[in-house]
J.: 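Okay, handing you the structure first.
These numbers were taken from a predicted model, which means no experiment stands behind them. One-based numbering, in listed order, for ligands and for the atoms of each. The figures that follow rest on heavy atoms only: side chains count, while hydrogens, waters and symmetry mates do not.
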Amino acid sequence: MAPTVFTPDRPALVRRLRAAGCVFAEDEAELLIAAADSAEALTHLVDRRVAGLPLEHLLGWAEFCGRRVVVHPGVFVPRGRTALLVDAAVAVAGPAPAALDLCCGSGAAALVLHDRLAPRWLAAADVDPVAVACARSNLDPLGVPVYQGDLFEPVPPVWRGRLDLVVANAPYVPSGAVATMPPEARLYEAPVALDGGVDGLAVLRRVAVGAVEWLAPGGHLAVEVSAGQVEVLCGVMTDAGLVPTVVRDDDLEATVVTARRPG
Ligand code: GLN
């Protein structure tokens with residue numbers, strides 16, 4: 001990071017950020033100051049933040065499960081709540097699993113799974129080429145491949161029926177609710193990362209059906225969803241031949257469903 005060679009007016013900066021609705025104005029001010037190498041650069045960053053760009057897109061990274069994840073403009077910003085998805089996936093995974101992060105976005109989940117699982121094979125995939133490029137910048141250094149394509153379609157066929165773990169933070173916002181999301185998501189994240197169709201479960205239905213085919217017997221799917229969608233999703237998973245379990249964390253406001261392929 002560039003050294004700060006100028007003296008920013010911290011109180012004025014905090015006031016400006018607060019007036020623009022930034023709840024953690026002090027923290028954001030420090031992060032933006034650290035990211036700027038001149039007063040002009042800082043002003044440019046703050047102007048864009050005040051105009052509504054997500055902090056993470058301006059910084060170029062987000063913190064996720066204690067790690068720095070590179071986040072390119074337009075890419076879904078990893079959410080704090082998705083720590084539950086990673087925890088739940090780690091809890092159900094056996095030793096040295098073959099694991100896949102579907103709908104990987106920035107690749108944040110795969111990045112953490114790489115450290116916490118010691119997988120014998122790990123890959124990520126996303127339909128959005130912008131997300132794939134971002135995920136590659138996070139995962140290339142770890143030797144984790146990132147495939148571009150629709151769900152399981154780009155995954156090497158040798159892994160069909162042999163995966164121990166499939167993790168997916170698929171889009172699950174009902175189409176009609178995308179308009180009510182905060183502008184940072186609605187305007188600056190790819191709609192394909194948010195919009196889950198009429199009831200929000202269009203992609204997760206296809207993930208469940210695909211998982212039955214791609215998981216090894218005894219393997220697990222782990223997905224994030226909203227609390228109100230759990231009942232329908234569990235029905236979908238059961239119909240697909242999986243055995244679902246719901247995991248909830250009220251502090252994180254997070255809901256995860258893990259689903260085991262019997263056998
Ligand atoms: N409600 C979720 C969020 O903004 C949407 C995430 C998703 O669709 N995967 O955190």
Side-chain angles (χ1 to χ4, degrees), residues 21-24 52-57 61-65 69 71-89 100-113 124-128 130-132 134-135 138 146 150-152 166-208 210-211 221-234 236-237 244 246-259:
C22 301
V23 178
F24 302 104
L53 268 84
L55 177 70
E56 294 83 355
H57 287 163
W61 57 270
E63 195 192 311
F64 180 67
C65 295
V69 180
V71 185
H72 292 170
V75 175
F76 183 83
V77 175
R79 311 289 201 259
R81 72 165 61 89
T82 303
L84 183 65
L85 176 63
V86 174
D87 288 347
L100 173 66
D101 178 10
L102 269 192
C103 309
C104 70
S106 64
L111 189 71
V112 180
L113 291 174
D126 200 287
V127 72
D128 178 357
V130 178
V132 167
C134 180
N138 284 304
V146 184
D150 180 48
L151 299 184
F152 295 91
V166 174
V167 174
N169 183 7
Y172 58 79
V173 180
S175 301
V178 172
T180 67
M181 293 186 83
E184 288 172 345
R186 185 161 48 79
L187 301 176
Y188 298 104
E189 293 179 328
V192 73
L194 302 171
D195 190 334
V198 174
D199 69 350
L201 295 174
V203 181
L204 282 170
R205 277 191 186 84
R206 295 172 55 230
V207 169
L221 168 66
V223 302
E224 182 180 302
V225 75
S226 75
Q229 294 168 314
V230 159
E231 216 178 296
V232 175
L233 180 61
C234 286
V236 165
M237 288 170 156
V246 179
V247 186
R248 170 86 200 158
D249 186 312
D250 290 329
D251 293 335
L252 288 174
E253 293 183 37
T255 305
V256 163
V257 182
T258 62

J.: Report the part of Ser226 (side chain from C-beta onward, or backbone N, CA, C, O) that has a heavy atom under 4.0 Å from ligand 1; answer both or neither where that applies.
T.: neither

J.: For the CD atom of Gln229 and the CD atom of Glu231, what is their distance to the nearest 0.5 Å?
T.: 12.0 Å

J.: Give the residue and atom name of whichever protein heavy atom lies nearest to atom 8 (O) of ligand 1, and the separation in Å to one decimal.
T.: Tyr172 N, 3.1 Å

J.: Taking atom CE of Met181 and atom CG of Asp195, what is their separation to the nearest 0.5 Å?
T.: 10.0 Å

J.: Quick check on contacts: which atoms of ligand 1 are under 4.0 angstrom from a heavy atom of Ala170?
T.: 7 (C), 8 (O), 9 (N)

J.: Could you pull out, from Glu189, Arg81, Glu253, the option with a heavy atom nearest to atom 3 (C) of ligand 1?
T.: Arg81

J.: Could you check atom 4 (O) of ligand 1 against the protein and tell me its nearest heavy-atom contact, residue, atom and distance included?
T.: Arg79 NH2, 3.0 Å

J.: About how many Å separate CD of Glu184 and CD of Glu56, when rounded to the nearest 0.5 Å?
T.: 7.0 Å

J.: Kindly indicate, with the supporting measurements, whether the criterion side chain to side chain contact (heavy atoms under 4.5 Å, CB included) is fulfilled by Val223 and Leu233.
T.: CA-CA 10 Å; Val223 302; Leu233 180 61; 3.8 Å; yes

J.: Where the closest heavy atom to atom 5 (C) of ligand 1 is concerned, which of Leu204, Val173, Asp195, Val223 has it?
T.: Val173

J.: Does Ala185 reach ligand 1, in the sense of a heavy atom lying below 4.0 Å from it?
T.: no

J.: First locate atom CG of Asp199, then atom CZ of Arg205, and finally report the distance between them rounded to the nearest 0.5 Å.
T.: 4.0 Å

J.: For ligand 1, which atoms, with element, lie under 4.0 Å from some heavy atom of Met181?
T.: 4 (O)

J.: Give the atom numbers and elements of ligand 1 that come within less than 4.0 Å of a heavy atom of Leu194.
T.: 8 (O)

J.: With side chains defined as the heavy atoms from C-beta onward, is the minimum distance between Glu224 and Leu84 less than 4.5 Å?
T.: no

J.: Tell me: protein heavy atom nearest atom 9 (N) of ligand 1, and distance?
T.: Asn169 OD1, 2.8 Å

J.: If you compare all heavy atoms of Cys103 against all heavy atoms of Asp126, which two are closest, and at what distance to 0.1 Å?
T.: C-OD2, 3.3 Å

J.: Supply the atom-to-atom distance Leu204 CG to Tyr172 OH, rounded to the nearest 0.5 angstrom.
T.: 9.0 Å

J.: Would you mind listing which atoms of ligand 1 come within a distance below 4.0 Å of any non-hydrogen atom of Phe76?
T.: 6 (C)

J.: What are the atoms of ligand 1, with element, lying closer than 4.0 Å to any heavy atom of Ala193?
T.: 8 (O)

